[in-house]
Amino acid sequence: MPGKFSYLHLDYQPARRRELLAVYRLEPAAGFDFVKVAQEVAAESSIGTWTHLKTLSADVFEKLAAKIYDLNEEDKLVKIAYPEALFEKGNLPQLLSSVAGNIFSMKEAAFLRLEDLEFPVDYLQAFSGPAFGLGGVRNALGVFDRPVIGSIMKPKIGLTPEENAKLAYEVFRNGVDLVKDDENLTDLEINPFVSRLEAVMAWKRKAEKETGQKKIYAFNITAPMGEMLERAELVRNNGGLCVMVDLVVAGFSALQFLRQEEPDLIIHGHRAGHGLFDRYPRQGMSMYVLAKLARLAGVDQLHTGTVVGKMEGGEEEVVKIDNFLRAEWQGLKPVFPVASGGLHPGLIPSLIEKLGPDLIINFGGGIHGHPGGSAAGAQAVRLAVEAVMEELSLEKKAEDWPVLREALDYWL
Ligand code: CAP
Ligand code: MG
């Protein structure tokens with residue numbers, strides 16, 4: 001692709017106000033040249049294909065072709081600027097078909113990873129972002145001075161609606177702010193959605209009345225889109241405030257539609273399946289990019305990792321994502337990061353030290369696996385969070401609280 005049809009512009013200064021910038025890591029297949037494959041990536045992800053096209057004029061090329069403005073073979077980095085006109089505003093699936101589409105199947109690239117995307121301001125402003133965001137969720141709960149404490153119902157599947165609702169009540173009564181369905185609990189024979197919704201709402205109201213505290217239950221509405229919307233509407237009509245979506249598997253189309261149709265519901269973004277594309281650093285798309293897209297699409301809460309728990313995800317990565325979610329971003333509200341997976345009271349000090357207190361901390365096994373049962377588990381978690389906020393060690397706090405002592409002895 002020589003001369004005026006070249007995608008290589010190494011002395012080009014990208015126009016950040018009018019171009020979308022992507023950072024890729026590229027490893028060419030054996031026998032292929034890095035610079036050449038980088039150009040193939042720029043072509044295939046913008047307007048080109050494997051051969052020169054008679055149908056492509058120099059004018060159109062000039063206006064719409066991507067430009068590689070930086071390359072570093074040693075670090076495997078390829079930086080590409082895409083003209084804004086390539087992208088339909090407000091359409092995340094279309095964006096992904098370009099910058100995370102065919103290029104991931106090209107024979108010439110043995111490994112390819114999309115590390116980052118930066119968007120021009122007008123592109124960002126076509127999205128509404130979170131309806132509530134971090135601040136809205138804190139307002140809804142009336143919790144401002146500590147991390148929000150969440151619990152996942154466990155076992156994932158196996159509780160009846162009534163058991164599910166009573167268990168939610170039990171942990172709500174003992175210091176938990178937010179309870180959520182697990183990612184694979186939707187509308188199942190053992191726990192039908194509507195029965196669960198009705199039972200949970202009744203027991204949640206009872207917990208709120210008895211404690212004088214606001215509580216949130218995140219109902220998992222993940223399903224084909226029509227059903228998902230019906231379930232969201234049912235939640236709203238029954239007085240619920242929050243729905244959960246497994247956003248990787250449901251997809252951005254569904255998430256964007258839900259955000260548009262149900263602006264009065266908090267959206268809890270579960271990321272089950274993200275490891276399919278973000279786990280191995282040479283291939284796929286980073287969790288950082290997924291977090292940016294989820295914020296654009298309008299999640300209010302997003303799972304980002306724990307560093308100290310059971311899931312893959314190092315400190316540098318999780319801190320970077322959480323800081324991004326909490327920071328200003330062209331007027332799109334901040335998202336509440338959710339730390340979840342393998343957490344128990346003994347891990348809370350190191351978790352808060354690494355990720356900060358502006359966090360939703362979620363416990364499944366770490367509450368429902370407590371030797372004294374779920375109520376004791378909820379208390380132990382709440383005490384451990386309080387200890388951190390009071391700058392006390394867990395050991396010290398546990399001197400006065402046997403439920404915490406028991407949790408520490410059991411898990412540490
Ligand atoms: C945690 C959890 C969450 C994961 C999701 C589970 O349960 O309910 O779905 O944390 O991972 O099913 O594993 P435990 P991530 O507290 O019992 O581990 O937040 O990394 O997306
Ligand atoms: Mg889960």
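Counting starts at 1 for both ligands and their atoms, in listed order. Position 1 is the first residue of the sequence; numbering continues from there.
- A donor-acceptor contact shorter than 3.5 Å links the side chain of Gln94 to the backbone of Leu86.
- The heavy-atom pair separating Pro345 from Leu404 by the smallest distance is CB-CD1, 4.0 Å.
- Counted within 6.0 Å of CD on Glu390, heavy atoms from surrounding residues, nucleotides or ligands total more than 12; the atom is thus considered enclosed.
- Remark: ligand 1 and Thr304 share no N or O pair separated by less than 3.5 Å (distance only, no angle test).
- Taking the six-membered ring for Trp and the full ring otherwise, the centers of Tyr7 and Phe61 sit less than 6.0 Å from each other.
- Residue, atom and distance of the protein heavy atom nearest to atom 13 (O) of ligand 1 are Lys310 NZ, 2.6 Å.
- Relative to the ring axis of Phe172, Lys215 does not place its NZ or CZ within 45° and under 6.0 Å from the centre.
- Checked against Ile152 for a side chain to side chain contact (heavy atoms under 4.5 Å, CB included), the options Leu185, Leu178, Asn362 give a single hit: Asn362.
- Of the angles at the Mg ion (ligand 2), the one spanning OD1 of Asp182 and OE1 of Glu183 is 70° when given to 10°.
- Under a 4.0 Å heavy-atom criterion, Lys156 is in contact with ligand 1.
- Close N/O approach between Gly364 and ligand 1 is found [any backbone or side-chain N/O within under 3.5 Å].
- Not a single heavy atom of Gly366 sits under 4.0 Å from any atom of ligand 1.
- Residue contacts with ligand 1, taken as heavy atom pairs separated by less than 4.0 Å, involve Asp182 solely via side-chain atoms from C-beta onward.
- At least one N or O atom of Gly365, backbone or side chain, sits closer than 3.5 Å to an N or O atom of ligand 1.
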Applying side chain to side chain contact (heavy atoms under 4.5 Å, CB included) to Met285 and Asp278, what does each step give before you reach the verdict?
CA-CA 5 Å; Met285 180 175 102; Asp278 71 10; 5.8 Å; no
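- Heavy atoms from other residues, nucleotides or ligands lying under 6.0 Å from NZ of Lys396 number 12 at most.
- At a 3.5 angstrom cut-off on N or O pairs, Arg271 counts as close to ligand 1.
- Taking distance alone, with nitrogen or oxygen atoms compared against 3.5 Å, Gly341 approaches ligand 1 more closely than that limit.
- Taking each of Lys154, Met287, His303 in turn, the one with a heavy atom nearest to atom 7 (O) of ligand 1 proves to be Lys154.
- Between Gly342 and ligand 1, at least one N/O pair is under 3.5 Å apart.
- Shortest non-hydrogen contact noted between Val143 and Arg138 is O-NH1, 2.9 Å.
- Within the 3.5 Å criterion, the main-chain N or O of Pro337 finds no donor-acceptor partner in the side chain of Asp322.
- Atoms of ligand 1 lying under 4.0 Å from at least one heavy atom of His270, given by number and element, are 3 (C), 5 (C), 9 (O).
- For atom 11 (O) of ligand 1, the closest heavy atom belonging to the protein is Met311 CE, 3.5 Å.
- Against a heavy-atom cut-off of under 4.0 Å, Glu183 is close to the following atoms of ligand 1: 9 (O), 12 (O).
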